[in-house]
Structures are given as structure tokens and as C-alpha cells.
Amino acid sequence: MSHAHVSNTKRIWTVFGILSIITIVEVIFGIVKPAILHNNSLLGLNLLNWIFIILTGVKAYYIVYAFMHMEGEKSALRYAVIWPLIFLVAYLLFILLTEADYIFEVFKNSTIKWNF
């Protein structure tokens, strides 16, 4: 018996719509830069940047889930792929934010001045 070809047109448009909405929100926040988000900070980073990081993570997860066909896999394989990536991205963010804060403090409190 042969398998019937199933059209995924609705699913593709749904994924396109969700990713487009998230991208539009990111672009609007990037253009408008609301003062309440841009001037307040959390853990050394302003809230606007945290929103960008979170929305980009959501888009990346949804791309992996939908376009790399992870929704059809067993949950153990999904977790084996997703959890290490989440851990590594969180670790990379920690290192980047820690080092950036250190560099900022060095330039702010020393005789070395910003040249860029």
C-alpha cells in the first residue's frame, strides 16, 4: 500500500504567520524603543534586550520544532536535542553578560577611555 500525500499548506502558513508576528513585534520594538523597556534593567541588561533574546529564542525553537520536523519525533529525542541547546544558549548569555559587565567597569573606573 502506498501512503497518500498529505498537504501541509495550512501548517506552513500557520508557521509563517506565527514567525512573522514575532518578527514584526521585534522590529516595532527596535524602531520605537519604549522608554520603560529601554531605561530599566534586569541582571545588567535592559528589558528591551531581554525581550529580544526571549523572542529570538522562541523563534529558534519554533523553527526547529516545525521545519526540522521535531514535532513528529519521540519526546526523548526532542528533549535530547532541545535541552542541551537551551543550556548552552543560557551559558553563552551568562558568559557574554558577565564579560561585558567586567569590560564596562574596567573602562568606567580606569584611566583607559572609550575610543569607539
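By convention here, the first residue in the shown sequence is residue 1. Note that the structure is a prediction, hence the values are computed from the model and not measured.
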Partners passing side-chain contact (heavy atoms from CB on, under 4.5 Å) against N49 (at least two apart in sequence or in another chain)
L45, N46, F52
Excluding sequence neighbours, so at least two apart, what forms side-chain contact (heavy atoms from CB on, under 4.5 Å) with V89?
L93
Across all chains, not counting sequence neighbours, the side-chain hydrogen bond (donor to acceptor under 3.5 Å, both in side chains) partners of R78 are none
Shared hydrophobic cluster for [X] and [Y] (ILVMFWY, side-chain gaps under 4.5 Å):
X	Y	result
L37	I53	yes
F16	I63	no
L48	L96	no
I51	I28	no
V15	I18	yes

Got a sec, which hydrophobics cluster with L88, joining ILVMFWY side chains under 4.5 Å apart, including via others?
F87
By the side chain to side chain donor-acceptor pair (under 3.5 Å) test, which pairs, at least two apart or in different chains, include something from residues 10-32?
R11-E71, T23-K59, E26-T56, E26-K59
Sequence neighbours excluded - side chain to side chain donor-acceptor pair (under 3.5 Å) pairs with any residue from residues 84-100
none
Rounded to the nearest 0.5 Å, what separates atom CD1 in I54 from atom CD1 in I22?
12.0 Å
Can you tell me how far apart CD1 (I82) and OH (Y61) are? Round to the nearest 0.5 Å.
5.5 Å
More than 12 heavy atoms from other groups under 6.0 Å of CD1 on I36
no
Take a 6.0 Å sphere around OH of Y62 and say whether it holds more than 12 heavy atoms from other residues, nucleotides or ligands.
yes
Can you name the nearest heavy-atom pair linking L55 to V25, along with the distance?
CD1-CG1, 3.9 Å
